[in-house]
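FYI, the numbering just counts along the sequence from 1.
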Amino acid sequence: MDINTNHPSFIVFLDNVSNTILAHVTTTGYFGLSADKKLGMQYIVFKLMKTSLRIKGRLTDEELKSFTVILCKKNEESENYELAAILNDIIKNFDAVNEKTNTVKPHIKLSKTDDNTKT
C-alpha cells in the first residue's frame, strides 16, 4: 500500500486516531508502571487503534505495524511522549500484543432455568 504520509487528510486521520486513544486512556505515569501494567496499557491502546482503523478498512499485520510506526513518529513530533512510548513498545512487542487482540474468547451459554418456580 502506497500512502502519502504528508497529505493533509492523512495527518488529520492520524490526529483523530491519537485523540480517540487519548480520550479513552490516561497515558500519564506510563513510564512508572510495572512491566505487566505496561503490557496491559499497550493492549488497550492497540485495541483502540485497531478499532479506529476498522472504520476506514482492514489492514494486514505488516500494514498495521507500519501504521503504528507512523503514528508513533507523529506523536513524537507533537511532543506527546507518553503515547509515543506506548506505541514504540507496541512496535517492539508487536507479535505478542497483536496475538492477544486476535484471540477470540469462547462464549459460554447459560442454560435457561427459572429459579422462581415452586416445586
Side-chain angles (χ1 to χ4, degrees):
M1 180 190 296
D2 190 26
I3 295 177
N4 181 3
T5 57
N6 295 320
H7 194 276
S9 62
F10 187 72
I11 292 172
V12 169
F13 178 67
L14 290 174
D15 287 337
N16 287 340
V17 172
S18 294
N19 291 335
T20 299
I21 293 169
L22 293 173
H24 291 87
V25 177
T26 304
T27 58
T28 55
Y30 176 75
F31 297 112
L33 295 176
S34 67
D36 290 338
K37 290 185 180 183
K38 282 185 178 181
L39 188 61
M41 179 78 76
Q42 293 168 27
Y43 170 74
I44 292 169
V45 169
F46 190 71
K47 190 75 170 173
L48 285 167
M49 186 177 67
K50 280 182 75 171
T51 303
S52 297
L53 289 171
R54 196 172 299 140
I55 295 169
K56 295 292 182 183
R58 301 239 181 235
L59 298 178
T60 65
D61 288 346
E62 287 302 315
E63 291 170 339
L64 190 57
K65 192 172 186 177
S66 298
F67 181 82
T68 307
V69 170
I70 294 168
L71 189 62
C72 179
K73 288 180 183 179
K74 173 67 174 151
N75 280 286
E76 285 175 354
E77 290 172 4
S78 301
E79 296 181 1
N80 191 356
Y81 298 116
E82 290 87 2
L83 184 55
I86 294 169
L87 293 168
N88 190 34
D89 289 345
I90 289 171
I91 294 165
K92 290 177 184 175
N93 303 322
F94 186 80
D95 292 331
V97 175
N98 190 30
E99 183 179 318
K100 265 187 150 182
T101 60
N102 289 336
T103 54
V104 178
K105 295 179 183 177
H107 294 281
I108 300 171
K109 284 192 171 186
L110 299 175
S111 61
K112 294 182 180 180
T113 59
D114 191 5
D115 294 335
N116 296 330
T117 58
K118 295 182 182 178
T119 53

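The nearest pair of heavy atoms linking Ala84 to Cys72 is O-SG, 3.3 Å. For the residue pair Tyr30 and Gln42, the shortest heavy atom distance occurs at OH-NE2, 3.2 Å. Leu48 and His24 make their closest contact through CD1-CB, 3.7 Å (heavy atoms, listed as atom of the first residue, atom of the second, distance).
With Ser52 as the fixed residue, the side-chain contact (heavy atoms from CB on, under 4.5 Å) test singles out one of Thr20, Ile21, Leu71: Thr20. Screening Asn93, Leu87, Leu64, Asp89 against Phe46 for a side-chain contact (heavy atoms from CB on, under 4.5 Å) leaves a single residue, Leu64.
Taking CG of Leu83 as the reference point, atom CE of Met41 lies at 10.0 Å (rounded to 0.5 Å). To the nearest 0.5 Å, the span separating OG1 on Thr26 from CD on Glu82 amounts to 11.0 Å. Atom CG of Asp95 and atom NZ of Lys65 lie 6.0 Å apart (nearest 0.5 Å). Distance check, rounded to the nearest 0.5 Å: CZ of Phe31 to NZ of Lys38 gives 7.5 Å.
Follow the hydrophobic side-chain contacts under 4.5 Å out from Leu33 and you reach Ile44 in the same cluster. Leu22 and Ile11 fall into different hydrophobic clusters, where Ile, Leu, Val, Met, Phe, Trp and Tyr residues are linked whenever their side-chain heavy atoms come under 4.5 Å apart, directly or through other members. Hydrophobic clustering (ILVMFWY, side-chain heavy atoms < 4.5 Å, transitive): Ile86 and Ile70 are in one cluster.
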(request) Just do the side chain to side chain contact (heavy atoms under 4.5 Å, CB included) check on Leu39 and Val97 with the steps written out, would you? (result) CA-CA 8 Å; Leu39 188 61; Val97 175; 4.1 Å; yes
(message) Quick one, Asp15 with Lys74, criterion side chain to side chain contact (heavy atoms under 4.5 Å, CB included). Give me CA distance, side-chain angles, the key distance, then yes/no.
(response) CA-CA 8 Å; Asp15 287 337; Lys74 173 67 174 151; 3.2 Å; yes
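For Val69, the side-chain contact (heavy atoms from CB on, under 4.5 Å) partners at least two apart in sequence or on another chain are Lys73, Ile91.
Ring-plane geometry between Phe13 and Phe67 is classed as tilted, the angle between the planes lying from 30 to 60 degrees on a 0 to 90 degree scale.
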